[in-house]
Amino acid sequence: MSEMYRVLVTSDLPSVAIDLLKTKCEVTIADPKSADVAKQVQQYDALLGTTRVDGKFLDSAGSRLKIVATPSAGYDHLDVEEIKRRGIRAGHSPRVLSAAVAEVAVCLLIMAARRMHEGRRLLETGKTQKGFQWLLGHDLRHKTVGVVGLGDIGTETVKRLKAFAIDKFLYTGHSRKKIGDDLGAEFVTLDALLRQSDFVVNCVPLTKETTKMFDDAAFAKMKKDSVFVNIGRGLTVDTEALVRALKNGTIYAAGLDVTDPEPLPVDHELLKLPNAVVLPHMGSQTVETREDMAVTAVKNVLNFFEGKPLLYEI
Ligand SMILES: O=C(O)C(=O)CO
């Protein structure tokens, strides 16, 4: 790399990533309060962060920008078509977060099945009147788990859930996968998965096809005792339909790391439901994973400047 490329960093990345970037590039950390990142990026070759990039952004970004690298697995904040149309490259940071997100999926599944949020609320209000059959939840053993979207995170979730004596794993998606066979999981239609699963774990990314795919009709197909876990994207769920399903007993409980909107307003209905465990999108929030995600994004940028393939090109 003979030239000193200029990189604008718009996320608060850990120092290990910034230091690596600085060995090869001139780095500017954007002011998080700056209203006009697009104008600022005019002077830069690379944009590194989770900034929303669409046609309007690119119009004001000008012609110097060559690569957008997001330190995230999901890239629904990037208008990939517009980025590509302008000959700009794009990279993301999948896989390195899969273990951390899978841990949260398992955690949410257990918390929702075992009514832990409800128990905690009772504890806080001094209402824990324990009887023999007090606050009974459901076991994981001998149940059927259905994974919607068996990508890397779905795969890591299945691997971890195998420790809980699950009888059957189902999955759905565009096609049957070798990893599904390796895991002993059965490829089924979404309809069959919803009808047969005791636990539905949603791992799909947000696309036109997946937007609000979990609606009234989908929840109506699920078992009354089923638990819905979402670690994919909030907008893949019709939130009002989910609230209805949880309130009416159409499904048993939900464990959500992602919601629509995000963050949820403090007075949101979902936060009032005893059978909804809700987290503020923290599936990949560990020291180790965030470092790995940031370093992956940096390596995407460095590889690009060195004329090598990106680690993960979008
Ligand atoms: O990287 C992503 O897409 C995330 O959602 C992080 O949890």
Side-chain angles (χ1 to χ4, degrees), residues 9-14 16-18 21 32 46-54 67-80 83 89-109 111 147-160 173 201-214 228-237 239 242 254-264 270 277-301 310-314:
V9 177
T10 58
S11 293
D12 58 327
L13 301 186
V16 60
I18 299 294
L21 195 59
L47 174 68
L48 177 45
T50 54
T51 302
R52 183 164 294 279
V53 177
D54 54 16
I67 176 166
V68 175
T70 179
S72 62
Y75 47 84
D76 42 282
H77 55 292
L78 303 180
D79 186 336
V80 178
I83 292 172
R89 305 274 293 276
H92 67 139
S93 302
R95 293 186 176 271
V96 289
L97 78 172
S98 301
V101 180
E103 286 173 8
V104 168
V106 173
C107 173
L108 285 169
L109 189 150
M111 285 187 75
V147 176
V148 183
L150 191 68
D152 210 45
I153 293 173
T155 298
E156 292 304 315
T157 303
V158 171
K159 284 184 190 165
R160 281 155 181 78
V201 184
N202 177 34
C203 303
V204 296
L206 180 66
T207 62
K208 276 195 190 100
E209 187 191 353
T210 64
T211 299
K212 299 205 179 186
M213 68 184 276
F214 291 93
F228 175 71
V229 173
N230 191 8
I231 49 87
R233 278 290 181 267
L235 250 174
T236 60
V237 174
T239 301
L242 175 61
L256 313 169
D257 185 41
V258 290
T259 55
D260 171 43
E262 230 171 71
L264 280 181
L270 265 180
V277 185
V278 190
L279 301 179
H281 198 155
M282 53 193 293
S284 62
Q285 298 296 134
T286 69
V287 172
E288 300 84 353
T289 295
R290 285 278 144 166
E291 283 188 358
D292 289 347
M293 292 166 80
V295 166
T296 302
V298 165
K299 287 184 178 167
N300 274 336
V301 171
L310 308 197
L311 288 187
Y312 298 105
E313 176 127 26
I314 298 172

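The shown structure was predicted, so the numbers you read here are calculated from the model rather than taken from an experiment. In this chain, residues are counted from 1 in sequence order. For ligands, and for the atoms within them, numbers begin at 1 and follow the listed sequence.
Judged by the shortest distance from any of its heavy atoms, Met293 lies inside the 4.0 Å radius around the atoms of ligand 1. Ligand 1 is approached by Leu97 to a heavy-atom distance shorter than 4.0 Å. Ligand 1 is never approached by Glu262 to a heavy-atom distance shorter than 4.0 Å.
Residue-to-ligand polar distances place Ala73 within reach of ligand 1: an N/O pair is separated by less than 3.5 Å. The shortest N/O to N/O separation between Arg233 and ligand 1 falls below 3.5 Å. Geometrically, ligand 1 and Gly74 share a nitrogen or oxygen pair separated by less than 3.5 Å.
Applying the 4.0 Å criterion to heavy atoms of Ser72 picks out, from ligand 1, the atoms 1 (O), 2 (C), 3 (O).
The minimum heavy-atom distance between Ala100 and Ser284, with the atom names listed, is CB-CA, 4.2 Å. The two residues Val298 and Ala17 come nearest to each other via the heavy atoms CG2-O, 3.5 Å. Scanning both residues, Val147 and Cys203, for their nearest heavy atoms gives CG1-SG, 4.0 Å. Among all heavy-atom pairs drawn from Val104 and Met282, the shortest one is CG2-O, 4.5 Å.
Residues meeting the salt bridge (Lys or Arg N to Asp or Glu O under 4.0 Å) test with Arg52, sequence neighbours left out: none.
Applying the salt bridge (Lys or Arg N to Asp or Glu O under 4.0 Å) rule to pairs touching residues 89-100 yields Arg89-Glu313, Arg95-Asp152, sequence neighbours excluded.
The protein non-hydrogen atom at the shortest distance from atom 4 (C) of ligand 1 is His281 NE2, 3.6 Å.
Of all the heavy atoms of Arg290, the ones lying under 4.0 Å from any atom of ligand 1 belong exclusively to the side chain.
Heavy-atom proximity to atom 7 (O) of ligand 1, evaluated over Gly283, Pro205, Ser284, is greatest for Ser284.
Here the side chain of Thr236 pairs no donor or acceptor atom with the backbone of Met213 at under 3.5 angstrom.
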